[in-house]
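Numbering starts at 1 and runs along the sequence shown.
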Amino acid sequence: MRFKVGDILINKHTGNSVKVIKYEPEWAIPVYEVEDIDSGHVDRFNQRYAKHWDLVVTEGGEDE
């Protein structure tokens with residue numbers, strides 16, 4: 001699954017919620033940059049790690 005900028009995700013293991021702020025498809029394995037909703041901490045992960053995240057709200061504000 002490909003997430004979009006503005007999507008809200010929740011980690012399946014920790015329960016942390018993040019917002020996708022950047023998508024970089026130019027890498028061999030595309031990279032997402034996300035911001036933690038509670039702390040504001042910015043982190044990055046590649047598309048292979050996306051399996052650990054569930055989409056909660058799409059960029060249009062629609063619940064999944």
Side-chain angles (χ1 to χ4, degrees):
M1 166 180 248
R2 182 176 171 266
F3 303 124
K4 299 179 189 120
V5 172
D7 286 351
I8 305 295
L9 313 176
I10 189 165
N11 187 286
K12 293 178 181 179
H13 309 288
T14 65
N16 288 350
S17 298
V18 297
K19 181 176 184 176
V20 179
I21 57 175
K22 190 174 183 183
Y23 176 66
E24 300 175 5
E26 63 273 5
W27 293 94
I29 302 168
V31 173
Y32 296 98
E33 188 168 308
V34 296
E35 180 179 10
D36 188 288
I37 292 176
D38 296 326
S39 69
H41 175 78
V42 175
D43 205 358
R44 295 165 55 91
F45 62 87
N46 68 36
Q47 201 161 12
R48 288 185 183 160
Y49 189 70
K51 65 184 176 188
H52 299 287
W53 296 87
D54 284 328
L55 179 64
V56 178
V57 179
T58 64
E59 68 174 323
E62 301 170 11
D63 290 344
E64 279 291 304

With side chains defined as the heavy atoms from C-beta onward, is the minimum distance between Q47 and Y32 less than 4.5 Å? yes

Report yes if some heavy atom in the side chain of I10 is under 4.5 Å from a heavy atom in the side chain of W53; otherwise report no. no

Membership question, hydrophobic clusters at under 4.5 Å side-chain separation (ILVMFWY): are [Y] and [X] in the same one?
X: V18; Y: V5; value: yes
X: V20; Y: V31; value: no
X: I37; Y: V57; value: yes

Is R44 salt-bridged to E33, going by a charged N under 4.0 Å from an acidic O? yes

Closest non-hydrogen atom pair, P25 against P30: CA-CB, 4.0 Å

For the residue pair D54 and K12, what are the closest heavy atoms and their distance? OD1-CE, 2.9 Å

More than 12 heavy atoms from other groups under 6.0 Å of NZ on K51: no

Hits for side-chain hydrogen bond (donor to acceptor under 3.5 Å, both in side chains) against H41, two or more places apart or cross-chain, chain-then-number order -> none

Under the side-chain hydrogen bond (donor to acceptor under 3.5 Å, both in side chains) test, which residues partner R2, sequence neighbours left out? Y23

CG (L55) and NZ (K4) are apart, to the nearest 0.5 Å, by 8.5 Å

Can you tell me how far the CG atom of D36 sits from the CG atom of D43, to the nearest 0.5 Å? 9.0 Å

Assess whether side chain to side chain contact (heavy atoms under 4.5 Å, CB included) is satisfied between I21 and V34, documenting all intermediate values. CA-CA 5 Å; I21 57 175; V34 296; 5.7 Å; no

Evaluate L9 against F3 for side chain to side chain contact (heavy atoms under 4.5 Å, CB included), listing each step before the verdict. CA-CA 9 Å; L9 313 176; F3 303 124; 3.5 Å; yes

